[in-house]
2 protein chains.
Amino acid sequence: MSGLDGSGSPLREIPEATVARLPMYLRALNALADGSRLVCSSDELAAAAGVNAAKLRKDLSYLGSYGTRGVGYDVELLRFHIAREIGITQDWSVVIVGAGHLGQALAGFSGFTSRGFEIVALLDADPALAGQQIAGVPIHDFADMPAIVAERRVTIGVIAVPAAAAQQVTDDLVAAGVTSILNFAPAVLSVPAGVDVRKVDLSSELQILAYHESRKGAASDAGTEATA
Amino acid sequence: MSGLDGSGSPLREIPEATVARLPMYLRALNALADGSRLVCSSDELAAAAGVNAAKLRKDLSYLGSYGTRGVGYDVELLRFHIAREIGITQDWSVVIVGAGHLGQALAGFSGFTSRGFEIVALLDADPALAGQQIAGVPIHDFADMPAIVAERRVTIGVIAVPAAAAQQVTDDLVAAGVTSILNFAPAVLSVPAGVDVRKVDLSSELQILAYHESRKGAASDAGTEATA
DNA sequence: TAGATTGTTAATCGATTAACAATC
DNA sequence: TAGATTGTTAATCGATTAACAATC
């Protein structure tokens, strides 16, 4: 157990909370690089990513020592190391299941391509849609999914179908070899060990906002509870 | 400080992690109620929500004691108490800014209505779209936003515009009185104290999956690191 | 009463933060 | 050398979990 971390190999154990923030740092670095900044301090980068500097430095320390004391971080170098740590120095092939509004919106989202992903197909149970393209992404019959997954070495699937269909789609994707799933359907998915699922739940997000919103209203009645 | 929690008033301090799970419990209870279950145990509910039973009981204990030892939870009663705690016993008015693919997908998502929200308008900077409807939601010129927010008492806004426009839209929403924002644009938003922002970042989600996916591949080389 | 299941305790674990020594 | 800024330490805080007494 526990990697005997040798040279610069990216196999240290990184806390999950840190992993979830690496994409934010990468985005902030990309913005800085666009502005042709060569070097930045932890304060600047933290501000650009919307976190505090202590947390940023602690997070980056898990990756290794890529800053220079008294100077800051080399933007390009740090960008490379984070991208390598995340594993997006090469693109990952992704399929989106469900060519409804949401699936089409996702396929059309240009951000994926530049951030390490290639959407190789939109899949839909309606064979009438097959042959069309959305923003350059071909729509295929869901029946062709196993062939596409095998041929394009797809390991990540995005679920944009109604909740009622989500578990079956998941089972099919997993059977075809997909081992990571991003789920937009409001449903709890069961998957075998070794398969990762992340979910994006739109009404949950709104409900969490509503929870805090409810208490805000109350604050104007009672004491002054503002500015947090 | 710290509420002197009287009768059953929903003003105890609830941990943020618990708040984020209440919507999951509510969804699971709705599913059970549809199946006409009157009572359920913490084990059943936890399984339906995809969490472990200890965590569920701990979470529910923050709301009060709404279960019966030896019996379980009354589905309808618990549903009411969670909905009240979240603050969705009445509907919240919501505007979606950006009538592109994503905005249209969100407007068409039927789940919001039944979960405590009414989408009162889609707003877009392109006045040519105004007058159209998407799934019953009218599209308005963004210039009309302040009037709509005031008239419909909107406190929650959803941002589905390109990253470059997100901060300006945020500033305008906040100026109009919106105090909770759900942000789909890949951008860090600054808001004044008292305004809550939650973000849904699609490429971050994929990158987090990619991180774990990278290590899976490596596991087949080295020792047996499967089943987690 | 016996069986079942909650609500709570206490231990553990992981994440955050401030402070500062190391060092460019 | 003096000033700046990282990387790390240690303290604190919050979340998770298992176990079990309370109680239906």
Side-chain angles (χ1 to χ4, degrees), chain A residues 1-2 5 8 12-25 28-29 32 37-75 77-79 81-82 85 208 211-212 228, chain B residues 1-2 5 8 12-25 28-29 32 37-75 77-79 81-82 85 208 211-212 228:
Chain A
M1 252 140 265
S2 88
D5 97 72
R12 281 158 255 244
E13 207 47 56
I14 297 189
E16 195 53 36
T18 296
V19 170
R21 282 188 295 264
L22 293 181
M24 299 162 54
Y25 303 149
L29 284 166
L32 288 171
R37 291 292 306 277
L38 299 179
V39 165
C40 70
S41 69
S42 61
D43 278 325
E44 290 172 289
L45 187 52
V51 303
N52 80 43
K55 191 186 285 183
L56 173 109
R57 288 201 301 275
K58 183 89 172 123
D59 282 343
L60 293 185
S61 75
Y62 292 111
L63 313 194
S65 270
Y66 300 125
T68 306
R69 288 163 138 108
V71 177
Y73 298 94
D74 178 299
V75 170
L77 183 74
L78 185 56
R79 196 154 70 134
H81 281 295
I82 295 178
E85 193 72 38
I208 295 166
Y211 172 88
H212 296 290
Chain B
M1 252 144 262
S2 86
D5 97 71
R12 278 158 257 243
E13 207 47 55
I14 298 189
E16 196 52 37
T18 297
V19 170
R21 282 188 294 265
L22 293 180
M24 299 162 53
Y25 303 149
L29 284 166
L32 288 170
R37 291 291 306 276
L38 299 179
V39 165
C40 70
S41 69
S42 60
D43 277 325
E44 290 172 290
L45 186 53
V51 303
N52 81 43
K55 189 185 286 182
L56 173 110
R57 288 201 301 274
K58 183 89 173 124
D59 283 342
L60 294 185
S61 76
Y62 291 111
L63 313 196
S65 270
Y66 300 126
T68 307
R69 290 164 138 105
V71 177
Y73 298 94
D74 179 299
V75 170
L77 182 74
L78 185 56
R79 195 154 71 136
H81 282 295
I82 295 179
E85 193 71 38
I208 295 165
Y211 172 88
H212 295 290

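Note on naming: letters A, B, ... go to the chains in the order of the sequence lines (proteins, then strands), and numbering restarts at 1 for each one. What you are looking at is a predicted structure, and each value in this text was computed from that prediction instead of being measured.
Contact check for B:Thr68 versus B:Asp74: no side-chain heavy atoms found under the 4.5 Å cut-off. Here the side chains of A:Thr18 and A:Lys58 are not in contact, with every heavy-atom distance at 4.5 Å or above. Between B:Leu60 and B:Tyr73 there is a side-chain heavy-atom pair separated by less than 4.5 Å. Between A:Val75 and A:Leu29 the shortest side-chain heavy-atom distance falls below 4.5 Å. B:Glu16 places a side-chain heavy atom less than 4.5 Å from the side chain of A:Ile208.
A stem is defined here as three or more consecutive Watson-Crick or G-U pairs, each with both distances under 3.5 Å; for DNA chain D these stems are C:3-24 with D:3-24.
With sequence neighbours left out, the salt bridge (charged side-chain N to carboxylate O under 4.0 Å, His left out) criterion links A:Arg37 to A:Glu44. Residues satisfying the side chain to side chain contact (heavy atoms under 4.5 Å, CB included) test with B:Val39, not counting sequence neighbours, are B:Val71. The salt bridge (charged side-chain N to carboxylate O under 4.0 Å, His left out) search around A:Arg57 returns none, not counting sequence neighbours. Remark: A:Ala46 pairs with A:Val51, A:Ala53, A:Leu56 by the side chain to side chain contact (heavy atoms under 4.5 Å, CB included) rule, at least two apart or across chains.
For A:Thr18 and B:Ser41, each mapped to the nucleotide of DNA chain C holding its nearest heavy atom, the one lying further toward the 5' end belongs to B:Ser41. Place A:Arg69 and B:Tyr73 on DNA chain C by their nearest nucleotides, and B:Tyr73 ends up nearer the 5' end.
Rounded to the nearest 0.5 angstrom, B:Glu85 CD and B:Ile14 CD1 are separated by 3.5 Å.
Near DNA chain C, meaning a heavy atom under 4.0 Å away, there are no residues from residues 45-56 of chain B.
In summary, contact between chain B and DNA chain D, defined as any nucleotide atom under 4.0 Å from a heavy atom of the protein, begins and ends at D:dA15 to D:dC24 in the 5' to 3' direction.
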